[in-house]
Amino acid sequence: GKWGEIQTTNVNLAIRDAYRIQGWDDNGAVGERLPNIDDFKTSLAAIEAQNKGKNAGARLLSFTDYELFRNSTTDSFNARDPRGWVFNVSKYRQDEVRITAGAFILRRIYNEMFQWENASRPRLAIVLDEAHRLSKDPTIPKIMKEGRKFGVVVLLVSQSMDDFAPQVIDNAGSKIAFRTNFPASKKVASFLQSKNSAALADMLENLSTANAYVSTPDLRNPKM
């Protein structure tokens, strides 16, 4: 469900207090360290003990618990590190925790990319396997739409078109479709923008393993 105004206010106050407790303030004072997740949890509990709206902490368990974030680290996340990054969240059994981790990383990249210079070629590829887990994340279509000029490419992999939000499908450039059974084949054929969707649907149903039809902005009629 959506956050209420009181919950949002309490979270914002908790973030502010977590910084203030460490010595940061609006007058430019710099604290000894940045607040960590435990600091935020403590501040949020204190805020909720005083104000109305008592369930923000409970709704943030997937973010604050399960050790998604370390309290101290010397590492920094550089999305453009040439070595690349792999985030494996398979150890978390709860889908909500996996979704939270993915959403945090996507939002970090989205906010950061606006500081990059424009690019004429790809400089960052975001590959999401089992993309249905993040299919409803609102940041994905934003990156797909606004990230092109910064050289950001998004590759989404899933077993069904129904896993993707309409905004994701609308912003998809290149499309790759493997063997698809009826009746989903008709929808996929239409998605590939074939001149003869009925014939393509039949061919999708009979594709051999490791073969696929590809459609790109420059290749309007799909090719195998």
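Everything numeric in this text was worked out from a predicted model, so none of it was measured.
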Would you mind checking if [Y] and [X] are paired as a salt bridge, meaning a charged N to carboxylate O distance below 4.0 Å?
| X | Y | value |
| --- | --- | --- |
| Arg107 | Asp137 | no |
| Arg123 | Glu117 | yes |
| Lys41 | Asp65 | yes |

Kindly indicate whether a cation-pi arrangement holds for Lys223 with Tyr213, taking the cut-offs as under 6.0 Å to the six-membered ring centre and within 45° of the axis.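 Verdict for Tyr213: no cation-pi partner in Lys223.
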Does [X] reach the side chain of [Y], with side-chain heavy atoms less than 4.5 Å apart?
| X | Y | value |
| --- | --- | --- |
| Phe164 | His132 | no |
| Ser43 | Ile21 | yes |
| Arg16 | Leu13 | yes |
| Pro217 | Ser174 | yes |
| Val97 | Val89 | no |
| Gln22 | Asp39 | yes |

Reported [atom1]-to-[atom2] distance for the pair [X] and [Y], which is rounded to 0.5 angstrom:
| X | Y | atom1 | atom2 | value |
| --- | --- | --- | --- | --- |
| Asn171 | Arg148 | CG | CZ | 5.5 Å |
| Ile176 | Thr216 | CD1 | OG1 | 10.0 Å |
| Ile37 | Arg70 | CD1 | CZ | 13.5 Å |
| Met113 | Arg80 | CE | CZ | 12.5 Å |
| Leu200 | Met203 | CG | CE | 5.0 Å |
| Gln159 | Glu130 | CD | CD | 6.0 Å |

Consider only side-chain N and O atoms of [X] and [Y], and report whether a donor and an acceptor are under 3.5 Å apart.
| X | Y | result |
| --- | --- | --- |
| Asp163 | Ser158 | yes |
| Asn55 | Gln7 | yes |
| Ser62 | Thr100 | yes |

Looking only at atom types and distance, does a side-chain atom of [X] sit under 3.5 Å from a main-chain N or O of [Y], one as donor and one as acceptor?
| X | Y | value |
| --- | --- | --- |
| Asn206 | Asp202 | yes |
| Asp25 | Asn27 | yes |
| Glu48 | Ala56 | yes |
| Thr180 | Ser185 | no |
| Trp24 | Arg33 | yes |

Can you name the nearest heavy-atom pair linking [X] to [Y], along with the distance?
| X | Y | result |
| --- | --- | --- |
| Leu204 | Ala189 | CD1-N, 3.9 Å |
| Met161 | Ile169 | CE-CD1, 3.8 Å |
| Leu124 | Ala79 | CD1-O, 3.3 Å |
| Leu134 | Gly102 | CD1-CA, 4.0 Å |
| Ala212 | Leu207 | CA-CD1, 3.9 Å |
| Ser190 | Ser197 | CA-OG, 4.0 Å |

Under a 4.5 Å side-chain heavy-atom rule over Ile, Leu, Val, Met, Phe, Trp and Tyr, are [X] and [Y] clustered together?
| X | Y | result |
| --- | --- | --- |
| Val214 | Leu156 | no |
| Val168 | Phe191 | yes |
| Tyr19 | Val11 | yes |
| Val154 | Ile99 | yes |
| Val127 | Met144 | no |

Could you tell me whether Glu96 atom CD has more than 12 heavy atoms of other residues or ligands within 6.0 Å of it?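 Not buried by this count: 12 neighbours or fewer within 6.0 Å.
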For the CG atom on Asp26, are there more than 12 heavy atoms of other groups (residues, nucleotides or ligands in this structure) within a distance under 6.0 Å? no
Hey, mind stepping through Lys187 and Asp162 against side chain to side chain contact (heavy atoms under 4.5 Å, CB included) and telling me if it holds? CA-CA 10 Å; Lys187 187 174 184 179; Asp162 293 334; 2.6 Å; yes
Test side chain to side chain contact (heavy atoms under 4.5 Å, CB included) applied to Leu60 and Phe40, step by step: CA-CA 11 Å; Leu60 283 174; Phe40 167 69; 3.9 Å; yes
Using the six-membered ring wherever Trp is involved, compare the ring planes of Trp85 and Phe87 and label them parallel, tilted or perpendicular (cut-offs 30° and 60°). parallel
Using 30° and 60° as the class limits, which term best fits the ring planes of Phe63 and Phe69: parallel, tilted or perpendicular?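 Rings of Phe63 and Phe69: tilted, 30 to 60°.
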Evaluate the side chain to side chain contact (heavy atoms under 4.5 Å, CB included) criterion for residues Tyr92 and Leu68: first the C-alpha distance (whole Å), next the side-chain angles of each, then the deciding distance (0.1 Å), finally the verdict. CA-CA 9 Å; Tyr92 302 108; Leu68 275 179; 3.7 Å; yes
Only one of Thr8, Asn10, Thr9 passes side chain to side chain contact (heavy atoms under 4.5 Å, CB included) with Ile6; say which it is.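 Running side chain to side chain contact (heavy atoms under 4.5 Å, CB included) over Thr8, Asn10, Thr9 with Ile6 returns exactly one hit, Asn10.
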Derivation of the side chain to side chain contact (heavy atoms under 4.5 Å, CB included) call for Ile126 and Val152: CA-CA 7 Å; Ile126 303 172; Val152 181; 3.9 Å; yes
